[in-house]
K.L.:
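The structure is given below, and queries will be raised subsequently.
What you see is a predicted model; the values in this text were computed from it and never measured.
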Amino acid sequence: MPGATLSPWTMSYFAAACLFLVVGQCAMVAGYGYPFAAVESPATLALVHVVAIGWLGLLMTGALLQFVPVLVAAPLRAGRLALPALALLIPGLLLLVGGFAALGGAEGVSPAMLPSGALLLAMGFGLVIIMLATTLLTVRPLPLPARFVAVGLGALIAAVLVGGAFTLVLSGTVTNYAAIGLLLKGVPLHATLGLGGWLTFSAIGVSYRLLPMFMLARDDMWPTSRAVWWAGAAALAIVAARIVSIAVDSDGMEGAESVAAFLAVLAAVLYSADVLRLFRERRRKLVELNVRASYAAFAALFASVVMSALPTTRAAAGEGAAALVYLFVFGWLTGLGLAQLYKIVPFLTWLECYGPVLGRVPVPRVQDLVEEKRVRLWFFVYYLAVIAATLSLFAQSPAAFRVAVLAQLCATVGLMVELVRARMLSSVATPLRLPAGAPRPHLFLPISRPQE
């Protein structure tokens, strides 16, 4: 597989991301943020950014450091920036959360932490963009999956800039009318750029390359695949233009959001059709668990996007269509992320440990690094809990929501324990676990320990 070299810091990004996901879910179980507080409350904003940046942002960054080289069949450029980027992103997020806590009345923190955190986040994501963009620029023309990632990076730039402007207003640093108007009207658009542009568009691009590989299906791009790119890119361009129109206090694009919503639904429908076609045309009849678990995530994407476009279900979803946002974030993005981690972590561990001795001594299979029966149960509990949590938000029942998220948290921790076991080679039979010359993988740092 051209470009399939190991990115040394990918596992560190994954470990930090998983930690933030657990923190976010624990906060919800404890009654922090919506539905125990208003959608626009500082507590909810802090929780949203822990999940969106800490979990999803770090997860996507770690994955792209590994898979963008695969998309373009070229080595990662400026890979040495991966550690400084991580070292900027984590404290940047912590400062941002501290600033939101200050807005909520917490002592020992200050709203001035908001722009400081935004600056560190901008610097960290700037380094990420440099690595990924320079790697993408090594190939002309860009393959279609890589073009999805390129658009996702553009959405990330816009989301970071808009978010930075919000922090200046919230901290009191900027008080002009245009900036305040952008904050009042632009928060949903900012979320769209981050969740729908950076995270979803990038995930779709990578899936167009990985799903055919996992299912032994043809990886030729269909006309519908190109239509997904055009519709999604146009929707994101409209969102970005709408933000500009708000910033300059123009009413010229007030109806454009409906057009963007229609294009987003079209892209989701066409993408779902492509995924079903891949499943039907696969040569591997019994697909692995990571693919089967991903199909629930694809269903969550389709359901959340389509229902968001329907006024009735959108109104029933609560403040800011919270139930649908929850289904999108935890059903689609988080579900897909956890499903692919189940494949990526064992695969990278297998490469790291057994790649140096492959062909010289007997080695286990990749699937021997995990225990599928247990993992299958955890995925079942996870998706069932996401459905229950979504329905409880529709029913406006905070108590039921807390119970559902607790079950979701338990399933998440169970899945993460399995990933740790894979890194520790716990499921591999003793005779094959560490053959002569095979390094023992470190848990999450780019260091291999010698065989004991």
K.L.:
Can you confirm whether or not the ring centre of F379 sits under 6.0 Å from the ring centre of Y382?
P.N.:
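No, ring centres 6.0 Å or more apart.
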K.L.:
Are R423 and T349 linked by a side-chain donor-acceptor pair shorter than 3.5 Å?
P.N.:
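Yes, a side-chain donor-acceptor pair sits under 3.5 Å.
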K.L.:
Looking at T10 and G62, would you say the former's side chain and the latter's main chain have a donor-acceptor pair under 3.5 Å?
P.N.:
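Side chain of T10 to backbone of G62: a pair is present.
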K.L.:
Just jot down the side-chain contact (heavy atoms from CB on, under 4.5 Å) partners of V357, sequence neighbours excluded, or say none.
P.N.:
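V357 satisfies side-chain contact (heavy atoms from CB on, under 4.5 Å) with R360, V361, V363, P435, A438 only.
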K.L.:
Scan for salt bridge (Lys or Arg N to Asp or Glu O under 4.0 Å) pairs involving residues 14-27, sequence neighbours excluded, and state none if there are none.
P.N.:
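Pairs touching residues 14-27 that pass the test: none.
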K.L.:
Do H190 side-chain atoms and A159 backbone N/O form a donor-acceptor pair below 3.5 Å?
P.N.:
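Yes, the answer is positive, given that a donor and an acceptor are paired below the 3.5 Å cut-off.
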K.L.:
F347 vs W350 aromatic rings, parallel, tilted or perpendicular, using cut-offs 30° and 60°?
P.N.:
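Plane angle under 30°, so parallel.
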K.L.:
Report yes or no: do W332 and S304 form a side-chain donor-acceptor pair below 3.5 Å?
P.N.:
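W332 vs S304: no donor-acceptor pair found between side chains.
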K.L.:
Just grab all the salt bridge (Lys or Arg N to Asp or Glu O under 4.0 Å) pairs involving residues 58-76, residues at least two apart or on different chains.
P.N.:
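Sorted result for residues 58-76: empty, none.
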K.L.:
Could you check if a side-chain atom of Q66 sits within less than 4.5 angstrom of a side-chain atom of L348, using non-hydrogen atoms only?
P.N.:
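Yes, their side chains come closer than 4.5 Å.
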K.L.:
Taking the six-membered ring for Trp and the full ring for Phe, Tyr or His, determine whether the centres of Y271 and F302 are under 6.0 Å apart.
P.N.:
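No - the distance between ring centres of Y271 and F302 does not fall below the 6.0 Å cut-off.
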K.L.:
Is there side-chain contact between L65 and Y13, with at least one heavy-atom pair below 4.5 Å?
P.N.:
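Contact flag for L65/Y13 side chains = yes.
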K.L.:
Would you call the rings of F148 and Y208 parallel, tilted or perpendicular if under 30° counts as parallel and over 60° as perpendicular?
P.N.:
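Rings of F148 and Y208: tilted, 30 to 60°.
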K.L.:
Indicate yes or no: at least one non-hydrogen side-chain atom of M113 is less than 4.5 angstrom from one of L94.
P.N.:
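No; the side chains remain at least 4.5 Å from each other.
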K.L.:
Please list all pairs meeting side chain to side chain donor-acceptor pair (under 3.5 Å) that have one or both residues in residues 386-410, counting only residues at least two apart or in different chains.
P.N.:
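Found Y326-Q408.
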K.L.:
Step by step, work out the side chain to side chain contact (heavy atoms under 4.5 Å, CB included) result for L377 and R374.
P.N.:
CA-CA 5 Å; L377 173 63; R374 282 199 305 265; 5.8 Å; no
K.L.:
Say whether S427 and R421, considering side chains only, have a donor N or O and an acceptor N or O under 3.5 Å apart.
P.N.:
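Yes, side-chain donor-acceptor contact under 3.5 Å.
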K.L.:
Identify, with sequence neighbours excluded, every residue that meets side chain to side chain donor-acceptor pair (under 3.5 Å) alongside S308.
P.N.:
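Result, side chain to side chain donor-acceptor pair (under 3.5 Å) vs S308: none returned.
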K.L.:
Applying salt bridge (Lys or Arg N to Asp or Glu O under 4.0 Å) to R376 and E371, what does each step give before you reach the verdict?
P.N.:
CA-CA 9 Å; R376 185 166 58 238; E371 191 66 45; over 6 Å; no
K.L.:
With a 3.5 Å distance limit and no angle check, can you tell me whether D368 reaches the backbone of V428 through a side-chain donor-acceptor pair?
P.N.:
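No; zero donor-acceptor contacts below 3.5 Å.
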K.L.:
Can you tell me which residue pairs pass the side chain to side chain donor-acceptor pair (under 3.5 Å) test with a partner in residues 44-58, sequence neighbours excluded?
P.N.:
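Residue pairs passing side chain to side chain donor-acceptor pair (under 3.5 Å), neighbours aside: S41-T44, W55-T334.
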